[in-house]
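Here the structure comes first, spelled out in structure tokens, and everything after it is commentary.
Values below: all heavy atoms of this structure, side chains included; hydrogens, waters and symmetry mates excluded. Throughout, protein chains are lettered first and strands after them, A, B, ... in sequence-line order, and every chain is numbered starting at 1.
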There are 2 protein chains.
Amino acid sequence: MSPMKLNPVSERFILHWGEMGSKWGVNRTVSQIHALLYLAGKPLPADEIADTLGVARSNVSNSLKELQNWKLIKIVHVMGDRRDHFDTSTDVWELFRVVVAQRKEREFDPTIGVLRDCLDSGDINKEDKATRQRIQDTLGLMESLSAWGDEMLRLEPSTLMKVMKLGAKIQSLIRSG
Amino acid sequence: MSPMKLNPVSERFILHWGEMGSKWGVNRTVSQIHALLYLAGKPLPADEIADTLGVARSNVSNSLKELQNWKLIKIVHVMGDRRDHFDTSTDVWELFRVVVAQRKEREFDPTIGVLRDCLDSGDINKEDKATRQRIQDTLGLMESLSAWGDEMLRLEPSTLMKVMKLGAKIQSLIRSG
DNA sequence: CAGAAATTTCTGTTGCAAGAGAAAGTTTTG
DNA sequence: CAAAACTTTCTCTTGCAACAGAAATTTCTG
């Protein structure tokens with residue numbers, strides 16, 4: 001099959017998304033596939049993805065599995081076609097929320113665990129007081145961020161948007177409240 | 001020189017920080033060096049860093065330059081020692097702020113530029129309406145986050161802390177205000 | 001249930017970032 | 001200004017993630 005031709009803007013979007021992903025520790029092909037599905041806005045079969053992006057079918061297969069682990073895509077079926085098709089949300093806020101929640105769960109929370117563990121261990125007394133305090137501070141920051149993240153993630157996108165729009169005005173609310 | 005011995009907790013902290021860095025697109029050695037300087041809480045010379053972490057002197061040199069580009073460390077001098085010493089803030093909030101600001105500037109803002117560019121280009125009309133809308137939505141989300149980030153980064157750590165403590169309670173303030 | 005279609009797993013390759021060590025360069029000091 | 005101390009730049013190596021293609025497996029269809 002000859003490579004499926006993307007519109008120039010879609011191509012640019014997808015390529016840039018791939019670069020972005022790399023810089024944040026996400027495999028380039030994985031990012032690109034997700035960008036493609038997002039822009040397509042409709043379920044695509046794996047071979048069409050491979051064809052469009054010009055990567056090996058097996059690479060697509062593994063990347064799709066990865067995206068499923070991230071809960072960013074799901075398998076759907078199209079009438080009269082036995083191939084699996086893959087679909088992602090077209091709601092960018094929802095996608096954002098999922099990515100943040102996943103990274104928090106995978107990397108942030110475990111780190112909090114390690115820090116707690118460090119502070120609980122008998123070995124902690126071998127460290128000098130100031131070092132101990134810095135580990136404690138780090139844990140404190142991460143716990144605050146974690147708790148705040150959980151609360152924010154629970155809000156509706158529209159509410160979250162309002163919170164952000166409020167921005168720094170929140171300062172005055174804190175003083176008054 | 002024989003490798004300088006770290007306390008077990010420091011070692012664990014530094015190793016874990018290195019792993020964390022990798023997952024977020026930061027070079028492992030770079031993360032480790034920063035963690036070491038943070039825990040040490042005092043300026044260290046490059047050779048002592050190389051020695052403590054067991055990596056090549058040249059690697060340390062390049063990593064230190066990288067950390068300076070990130071504005072996370074600076075060169076200081078110690079009386080009676082002609083070697084450069086490297087120092088980082090021991091204020092974890094300040095460090096957090098710098099990292100967020102840098103990543104925003106390096107990766108987030110340029111992406112906003114690309115998206116604007118996409119939407120301004122003549123080629124955008126080749127895309128179908130729904131795709132165009134999704135690019136527009138993506139830009140909207142990123143612009144909101146960017147503006148909000150700028151405002152938050154301007155706040156004092158202590159204020160920022162209060163904002164986070166407020167958490168979801170902010171919802172009611174929005175309704176009332 | 002045989003053959004076809006689709007998918008996944010396995011195996012080997014490749015490209016590149018990360019890093020070591022040598023060489024070159026710079027700064028300091030007597 | 002020569003030698004020593006220190007730092008950076010350069011070059012080559014290495015390890016590993018990313019990937020391709022083949023082989024194996026599963027699922028579907030008449």
[X] [atom1] to [N] [atom2], straight-line distance once rounded to whole Å:
| X | N | atom1 | atom2 | result |
| --- | --- | --- | --- | --- |
| Asp84(A) | dT26(D) | CG | P | 16 Å |
| Asp51(B) | dC6(D) | CG | C1' | 16 Å |
| Glu48(A) | dA6(C) | CD | P | 13 Å |
| Ile49(B) | dG19(C) | CD1 | P | 14 Å |
| Lys23(B) | dC16(D) | NZ | C1' | 16 Å |
| His77(B) | dT28(C) | NE2 | C1' | 11 Å |

Looking only at dA18(C), dC19(D), dC6(D), the nucleotide nearest the Asp81(B) side chain is dC6(D)
Taking dA6(C), dC6(D), dC19(D) as options, the one with an atom nearest any side-chain atom of Arg83(B) is dC6(D)
Across all chains, not counting sequence neighbours, the side-chain contact (heavy atoms from CB on, under 4.5 Å) partners of His85(A) are Pro43(A), Pro45(A), Val76(A), Val78(A), Asp81(A), Arg83(A)
Residues in residues 55-67 of chain B with a heavy atom under 4.0 Å of DNA chain D, by number, are Arg57(B), Ser58(B), Ser61(B), Asn62(B), Lys65(B)
Hey, is Lys165(B) close enough to Glu151(A) for a salt bridge, meaning N to O under 4.0 Å? no
Mark yes or no for whether Ser89(B), through its side chain, and Glu94(B), through its backbone, hold a donor-acceptor pair below 3.5 Å. no
When you measure from the side-chain N and O atoms of Arg28(B) to the phosphate of dG19(C), is any distance below 4.0 Å, counting only OP1 and OP2?
yes
